[in-house]
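Every heavy atom of this structure was used, including side-chain atoms; hydrogens, water molecules and symmetry mates were not. Every chain is numbered from 1 and lettered A, B, ... according to where its sequence line falls, protein lines coming before strand lines.
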Amino acid sequence: MAAKESGDARAESALSSANPSQQASEKPNYALKFTLVGHTEAVSSVKFSPNGEWLASSSADKVIIIWGAYDGKYEKTLYGHSLEISDVAWSSDSSRLVSASDDKTLKIWDVRSGKCLKTLKGHSNYVFCCNFNPPSNLIISGSFDETVKIWEVKTGKCLKTLSAHSDPVSAVHFNCSGSLIVSGSYDGVCRIWDAASGQCLKTLVDDDNPPVSFVKFSPNGKYILIATLDNTLKLWDYSRGRCLKTYTGHKNEKYCIFANFSVTGGKWIVSGSEDNLIYIWNLQTKEIVQKLQGHTDVVISAACHPTENIIASAALGNDKTIKLWRSNY
Amino acid sequence: MEGDGSDPEPPDAGEDSKSENGENAPIYCICRKPDINCFMIGCDNCNEWFHGDCIRITEKMAKAIREWYCRECREKDPKLEIRYRHKKSRERDSNERDGSEPRDEGGGRKRPAPDPDLQRRAGSGTGVGAMLARGSASPHKSSPQPLVATPSQHHQQQQQIKRSARMCGECEACRRTEDCGHCDFCRDMKKFGGPNKIRQKCRLRQCQLRARESYKYFPSSLSPVTPSESLPRPRRPLPTQQQPQPSQKPGRIREDEGAVASAAVKEPPEATATPEPLSDEDLPLDPDLYQDFCAGAFDDHGLPWMSDTEESPFLDPALRKRAVKVKHVKRREKKSEKKKEERYKRHRQKQKHKDKWKHPERADAKDPASLPQCLGPGCVRPAQPGSKYCSDDCGMKLAANRIYEILPQRIQQWQQSPCIAEEHGKKLLERIRREQQSARTRLQEMERRFHELEAIILRAKQQAVREDEESNEGDSDDTDLQIFCVSCGHPINPRVALRHMERCYAKYESQTSFGSMYPTRIEGATRLFCDVYNPQSKTYCKRLQVLCPEHSRDPKVPADEVCGCPLVRDVFELTGDFCRLPKRQCNRHYCWEKLRRAEVDLERVRVWYKLDELFEQERNVRTAMTNRAGLLALMLHQTIQHDPLTTDLRSSADR
């Protein structure tokens, strides 16, 4: 099946050209398997661990909960933040988490013991997004104070502050080698930075500049997925500075909704939406191949499992649950 | 700004008109002149101001008046009567005030206060009271009069309730004789065990007419005070165009209850307090009042008055035109914004805290029927104030019921599908146990080698000395080469190089310490670490005992002791022979026992470390396993399975 054929290209190519016609006709059949109840406030972000065993969810109730990724069972809770948490990210060895919170700090957690290892202070406003670099010795964070900060994990010190934007920074991401950083912000601009020097290499602006709510590198590092608050997702070839694909049909005008590349089975783009559905597009043809229904509030985050065809989705305050969906392909 | 307050009065009351004069100045009195620079008295009914000269009332007479109505009003409504103050209280007041301006109804009236807005803000029908409330702060005392005058009140308890600037003597609150003991002011009193920091009368005894609004207390059971009187103090201001600061959250708190208990709205934590620009009524038009502001008199009570002492140009508000005043307010606003924000926040927190305290007391005042019912199962008693249960037992019973009801379901849910983390944990434990096994065997191996070595050394020592045989070996070395010692840098003869370097190294090493805070406690280990206690650094030396240069000296070698080092061929093969040179002369095998022992010890230490590590890992896994599916975890979280066939989302279940 398509899954096996693209098995070798799984982790790398986002635009696989293997049998496009066959892939184009395939649709995933994601079905709801588990609902994870436990948060007492809106869930803000869900992420699978790189080793595929755990799912971390951060929430406005100031805690992070770790669930088993395969059975959805509750594992533990990480306490420590004093205000709502906006984002959480795993380190590459799945042993550490970093969380970004409205209390202007980031915290590094050791998952096994549940303890907070370090608190990173330095931002002057809500910290909105965070990520590890692939070697997991650096953390990058974007904040409402319009800066992007690079932190060293070992010491907890801020190594660099990039005055990146003129509006809150909504997303930051490293590419697969850790040499580039992409940052997106409400000012409508996406910037690409050199991680070592902190220089801005490129600025991506389209004709219109609606606020950027989410940016991410593709798994092979060649493309950038940009979500904007005008109900659009765009796939850019950033080296040429051209928009290659546009995905629409969902609703995204208010919240910073996470979007993802699904590469374990068919090549999809997965995103939440403000109409309580999860949208899945075929990456090449841009068609909506499936819409997952089940949440009762805005689906703020949708994460794809690194090895299996599993999607985890989380919704806001009216719902407060996380749902696990699985597909055969 | 005008008419912004809570007064309901129609703008035309009191015969004011602005449009008559070309100047647009308000006119007063029966003479209809805008002159406000002389003594004036205000009618408590129509709120019109009259010149004392025009109606022939002198300032002195006015002192004696408590309520005054103009002729017209009196004619219209025969019920209105001019009321005078009691002689005695008047005397005392004037004594205590030491020549400062009397704070009674004369105070407010004296000032050319007849700003129609001010009047209106005072509210209809309460002119005197409000004026007093605002105007009667004594600049010399931070606490209102009645507290000071309390002793006298005791004497007059039965006969006459005293009157003063802060006590009308006639209202319910003034007539109370005993402190309630529950309000925050009472609890601050020494006699109720308080720290005496706030120093105010009991809340229920704050005069309803004359006390400061923020001290009053409006329980539903007591007679309500008119809303116009309960001016919010301090107020969170509404934003105007001039205010540059946008508010981030729509919800805003208006403390309309005037520092008194009614639902204090919970403020969203990150909302920045946008201070309201002062409306005119909040401005201390009375300079004496303003002095209080300056003196921070009100700050003692934690009320966030603006005690902006740097703002001086407020002394003569009467002389300013209103437009200027307004501008000044705004300017003042901007400067003090931040400060006020802070204080508002603090005050609000204090508010909330106060309110929390107040509710229980208020509930006491209620009759039991109005308290909610206890939530305990089958319990019909009323709940304790501030709680959902009538007693601890009920709370426990309800919690137990909840657990009985919910927990079995959750346990069943949990067991529906195998817990993958649990399986991983078990596998991990297996692995750890295996590794521990191997580590233990290695340890045994080490011990055996240790003993072996000791045996060898022993045997070697028993050999006889044979000097002549191998003594020539060393002479074949070239004595021209010079090696530099790595520790001290001096050139040395290669023949004695080993010896020299060993000694040199030991010399330098003995000057540094290497230790940890904990003594070694390992069962079954004969000799590993030096463990000598250093009292200065409070550490135990953690070098290997056999070669710690700091704490052990090489024993003096007797002349006949043989070297005894097992000789080898091609580095590894043991010949079975031993070096026969006397120890003192042998330069090749210097300290061989020490080094070999150290080797073995080091291996042993390494194995122990490994065991320790494994033990730690095991502990982690075991705690994770025991803590999984605990009571709290099950009660607070659940995993709903939608597809009974799928218990494991992995595609190939061979992991």
Under a 4.5 Å heavy-atom cut-off, does chain A meet the side chain of B:Thr647, its backbone, both or neither?
backbone

Interface moiety of B:Pro418 toward chain A, non-hydrogen atoms closer than 4.5 Å
backbone

Leading residue by heavy atom contact count with chain B [cutoff under 4.5 Å; candidates A:Thr321, A:Leu36, A:Ile322, A:Leu32]:
A:Leu32

Honestly, the part of A:Ala69 sitting under 4.5 Å from a heavy atom of chain B is backbone

Using non-hydrogen atoms only, which part of A:Thr77 is less than 4.5 Å away from chain B: side chain, backbone, both, or neither?
side chain

Name the orientation class of the two ring planes belonging to A:Trp67 and B:His637 (parallel below 30°, tilted from 30 to 60°, perpendicular beyond 60°).
perpendicular

Are there more than 12 heavy atoms of other residues, nucleotides or ligands under 6.0 Å from atom [atom1] of [X]?
| X | atom1 | answer |
| --- | --- | --- |
| B:Arg442 | CZ | yes |
| B:Met396 | CE | no |
| B:Lys542 | NZ | yes |
| B:Gln437 | CD | no |
| B:Arg410 | CZ | yes |

Quick one: closest heavy-atom pair of [X] and [Y], and the distance?
| X | Y | answer |
| --- | --- | --- |
| B:Arg650 | A:Arg326 | O-NH1, 3.9 Å |
| B:Gln413 | A:Lys73 | O-NZ, 4.1 Å |
| A:Tyr74 | B:Trp414 | O-CH2, 3.5 Å |

Name the option with the most non-hydrogen atom pairs under 4.5 Å to chain A; the candidates are B:Leu645, B:Asp643, B:Ile420.
B:Ile420

Gap separating the [atom1] atom of [X] from the [atom2] atom of [Y], nearest 0.5 angstrom:
| X | Y | atom1 | atom2 | value |
| --- | --- | --- | --- | --- |
| A:Ile310 | B:Leu649 | CD1 | CG | 4.5 Å |
| A:Trp325 | B:His642 | CH2 | NE2 | 8.0 Å |
| A:Asp110 | B:Asn620 | CG | CG | 8.5 Å |
| B:Leu636 | A:Ile65 | CG | CD1 | 8.5 Å |

Are A:Asn309 and B:Ser651 packed together at the side-chain level, in the sense that at least one heavy-atom pair is separated by less than 4.5 angstrom?
no

With side chains defined as the heavy atoms from C-beta onward, is the minimum distance between A:Val37 and B:Thr639 less than 4.5 Å?
no

SB check B:Arg628 A:Glu75 (cutoff 4.0 Å)
yes

